[in-house]
Amino acid sequence: MNKNEVAFLLEEIATLLALKENSSVFEVRAYENAARALSSLDGDITQLVKEGKLKGTPGLGPTTIKRIEEMIETGSSPFLEELRTSTPAIKLEMMRIPGVGPKKINAIYDQLHVTTMSELEQACKDDKVAKLPGFGKKTQDKILQGIAFIAEHSNRFLYPIAEKEAARIREALATLPEIVRLEVAGSLRRKRETVKDIDMVLSIDDNAGSDVRRKIMDYFTSQPSVKAITGKGETKSSVVLNSGIAMDLRVVGDSQFPYTLHHFSGSREHHIPLRRRALSMNMTINDYGLFKTENGKEELVPCKDETDIYAALGMEYVVPELREDMGEIEAAAKHELPMLVQESDLRGVLHAHSTWSDGQNTIREMAEACMARGYSYLGLTDHSKAAAYAGGLNEDNLRRQWDEIDALNEEFAGRFLILKGSECDILRDGALDFDDAILAQLDFVVASIHSNFNLPPEEQTKRMLNAIANPYVDIIGHPTGRILLGRSGYTLDMEAIIEAAAAHGTCIEINSDPSRLDLDWRLVRKARDKGIKIPLGPDAHTLAGIDNMRYGIGAARKGWLRASDIPNTWEVQDVLHFFQTRRKR
DNA sequence: GCCGTTTTCGGCCCGACTGTTTTCAGTCG
C-alpha cells in the first residue's frame, strides 16, 4: 500500500466521520489534514512506518499515526471498517448533491429512511422532504435538480471546455463600458486539469450604484450560453451554461478587486496557511481586504493588485498555478520561487503523429504547421507495429518514412528540422516493439503502453521498469495511461518509476493532450526534484493537436518546471546532443 | 484529533449566501 492509497483511506475516514451523528467537525478536519500531510511527505511510507519516523510530522498525531500503521500493515483499519459498515451507502451518494451536506443528509436519512437516490427523488416528489424541520420547498426543489444534474453529467469538466465557455462570457462582458477589471478566478485560473465550475470576478467604479450592478447581472444572465439561472443578486449571480457547467459571477468595487480575485482564485489549501501567516503578523485576510490590527484597531492595507497582497505578507508574488499548498508559501516567503516555464520558451515538438500511422496530416503538413507556430523542429513519433489499431509501422515502413523525412529536411535545411522518432510500444514483458538495431538509428524514442492495461500492479510496474532500463528509451510516453474523467491509469508504483527514470536519465513526458495531462502535475514536481527532464508532448494527431502544448505548459507550471527542465525548450542541437549522450551512459 | 515562546485546555480560516426562520444553521469556496 503506497502513500496515496493511505491518504485516500484517511480522506474516506474524514467523509464517513462527517456523516456520523454528532461528529466533531474538528475531528473530521484532523483526518483531512492528516491525509494531506501524508501526501506531501517524502520517502517510502512503509519504510517510514517501520522506522517510526512519522512522529513529529505536522498534522499527524498519535491517533492518525496508529491508523496509518494499521493501513500499511493490513491494508485497512478497524476504525475505517467500522465506519464503512455503519454508514449507509445512500449517505455517501447524497454527498454529491450540491447544497446538501452531512447535516441535511442525516436529517433526511433519519426521518425518511430513504435507501436509494430514486427513493429520495420520490420522497421529494411526494413533498415529504419539504415538510422536514429546517427544510422547505426550495431545498426540496434544489435536491431534485441536483439528482437530475448528477444523472445528466459527471460533475467535472475538462479544462478546455470550461476555458472556452469562460472566454465566451468574458468576451461578452468586456463590451460593457462600466467594467473596470475582469478576470477568471477559481480552479480554471489555477489551470487545474478538470474543473467543477467557472468563477469570474469583475470590478466597477467604487461609486457606481445598484443600477450598474443590476445592468451587469441582467446582461450576464441573459447571455445565449446561459441555460438556467440558479441565483441572482447584485454582488453574485449563478448560472448553468449550455454545456452543463455551473458559473458564478461576482461584482465588486474596483478598490476591492484584488482581494476578491485572490479569494476566489483559491485554492482553499493555499489560503489556509496564508491566513495563518497573516494572523501571525497581526493581519487578517478575506475577500474584502487585508486588514492590519494595531492597538485593537483594524485598518485596511491598501493593495492595487495581488502582488501587493503578497508583498504585504512579506512574500513574492505567487502565480495562480502554484497556489495549491505544495510548498509555495514557504518558497515565496524566502523569495525562492522558481522562474516558471512559459509558452514562449518552447522551441520544438517532441511527440506527434502523421498519416504514416494514425495521424490526420502528412509529415509536410505537420512540419509546416510547426513552422507557422514558430517552432524550429518536429520530433515525429508514429506508432510501432504492435499498435495495429493505430496503423503502427513495421521496420520496412519505418525505413521508407526516413527517406521522406530526409527529403523534407533537405528542403527545409537551415530553417527547420524533422527528427526521426517513434512512439514505440512497450510489450507485455517490458521489451520494446523494435529491436535495438532499429532503435539505435532513431534520433529519439518515446516508449508507451497501449495494451494489457490490467496487469497486476507488480507486473505492470516491472514492465515499465524494464522499458526504462532500455538505453534506447529516451522518453516514457503518457506514463500512467489515465484518461481524465474517463479511466484511471494503469496501476503502477509511480515512486519506483520515478526513481528508476532518475537513475537511468530517462525523460518522462507530460502528455499535453488535455484529456490526459499525464504525468500528473503533482508527480511532475517530484520527478523534477529528482532531476528528471520532462518534455511536453502534444501527442498531436492533427494540426490543431499541436496546440495541445499550451495545456502541457499549464501542467508544467503547476509542477514547478523551469524552461531548463523541459528539453523541447532547448535548441535542436542541444536536444539531439542530450539524447545521444544519455544513451551512452 | 491536533496543537501550543503567553496555553496541556480551548481553540481550530473565514465570511457570504440560501433558505429557513424571526435570529440562525448548513453549505460552499
Side-chain angles (χ1 to χ4, degrees), chain A residues 10 13-14 17-20 23-38 54-68 79 94-108 129-143 145-146 155 185-190 192 195-201 230-238 246-252 256 259-280 283-291 298 313 323-325 329:
Chain A
L10 290 171
I13 290 182
L17 265 179
L19 287 167
K20 219 174 106 176
S23 60
S24 146
V25 287
F26 299 110
E27 190 182 349
V28 172
R29 192 180 300 166
Y31 278 99
E32 286 168 349
N33 288 340
R36 286 174 34 71
L38 198 62
L54 289 180
K55 210 172 149 231
T57 306
L60 300 182
T63 310
T64 45
I65 288 177
K66 183 172 152 240
R67 308 277 184 242
I68 293 167
F79 183 66
M94 284 195 266
M95 284 292 281
R96 293 176 57 201
I97 304 173
V100 174
K103 305 283 175 180
K104 286 204 171 81
I105 288 174
N106 279 324
I108 292 171
V129 173
K131 297 212 169 80
L132 297 175
F135 288 67
K137 185 89 177 77
K138 288 201 174 172
T139 305
Q140 177 172 278
D141 288 347
K142 220 170 172 182
I143 291 174
Q145 280 168 21
N155 54 2
S187 49
L188 195 59
R189 184 171 183 229
R190 300 200 313 280
R192 286 293 287 253
V195 303
K196 196 157 78 68
D197 51 23
I198 298 168
D199 286 298
M200 209 174 277
V201 179
T230 47
K232 191 174 171 189
E234 286 182 15
T235 59
K236 176 190 169 185
S237 290
S238 305
M247 172 167 177
D248 286 346
L249 176 69
R250 287 180 169 79
V251 178
V252 297
Q256 199 191 310
Y259 313 105
T260 307
L261 175 65
H262 181 260
H263 180 84
F264 288 106
S265 294
S267 69
R268 195 167 172 266
E269 286 73 20
H270 176 78
H271 283 172
I272 290 171
L274 195 70
R275 284 180 177 161
R276 200 169 290 142
R277 180 181 173 87
L279 282 178
S280 75
M283 293 193 266
T284 57
I285 182 167
N286 58 41
D287 55 325
Y288 285 118
L290 175 65
F291 301 95
E298 239 186 23
L313 294 168
R323 300 180 196 168
E324 301 285 355
D325 191 25
I329 304 253

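Worth knowing before you read on, the calculation uses all heavy atoms, side chains too, and leaves out hydrogens, waters and symmetry mates. Letters A, B, ... mirror the listed sequences (proteins, then strands); counts begin at 1. Bear in mind that the values here come from a model prediction, so they are computed numbers and not experimental data.
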* Asked: Which letters describe nucleotides 18-29 of chain B, given B = protein heavy atom under 4.0 Å from base, S = only from sugar-phosphate, - = neither?
  -> -SS-----SSSB
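Residue contacts for A:L279: at a heavy-atom cut-off of 4.0 Å it reaches the sugar-phosphate backbone alone, with no base atom in range. A:L60 comes within 4.0 angstrom of sugar-phosphate atoms only, judged by non-hydrogen atoms across all strands, and of no base.
For the OP1/OP2 pair of B:dG15 and a distance below 4.0 Å, the side-chain nitrogens and oxygens of A:N286 include at least one atom meeting the criterion. At the phosphate of B:dA16, OP1 or OP2 sits under 4.0 Å from a side-chain N or O atom of A:Y288. The side chain of A:T235 places an N or O atom within less than 4.0 Å of a non-bridging phosphate oxygen (OP1 or OP2) of B:dC17.
Without hydrogens or angle criteria, A:S24 side chain to A:E27 main chain gives a donor-acceptor distance under 3.5 Å. At least one donor-acceptor pair under 3.5 Å links the side chain of A:S265 to the backbone N or O of A:L261.
Remark: the A:S238 side chain and the A:D248 side chain contain an N/O donor-acceptor pair separated by less than 3.5 Å.
A:R276 places its CZ atom 10 Å from the P atom of B:dC14, with the value rounded to the nearest Å.
Between B:dT22 and B:dG29, the two C1' atoms lie 28 Å apart (nearest whole Å).
Checked against ring-ring contact (aromatic ring centres under 6.0 Å, His included), A:H263 has the following partners two or more places apart in sequence or in another chain: A:H271.
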Give me the distances for all protein-to-nucleotides 6-9 of chain B N/O pairs that come in under 3.5 Å?
none

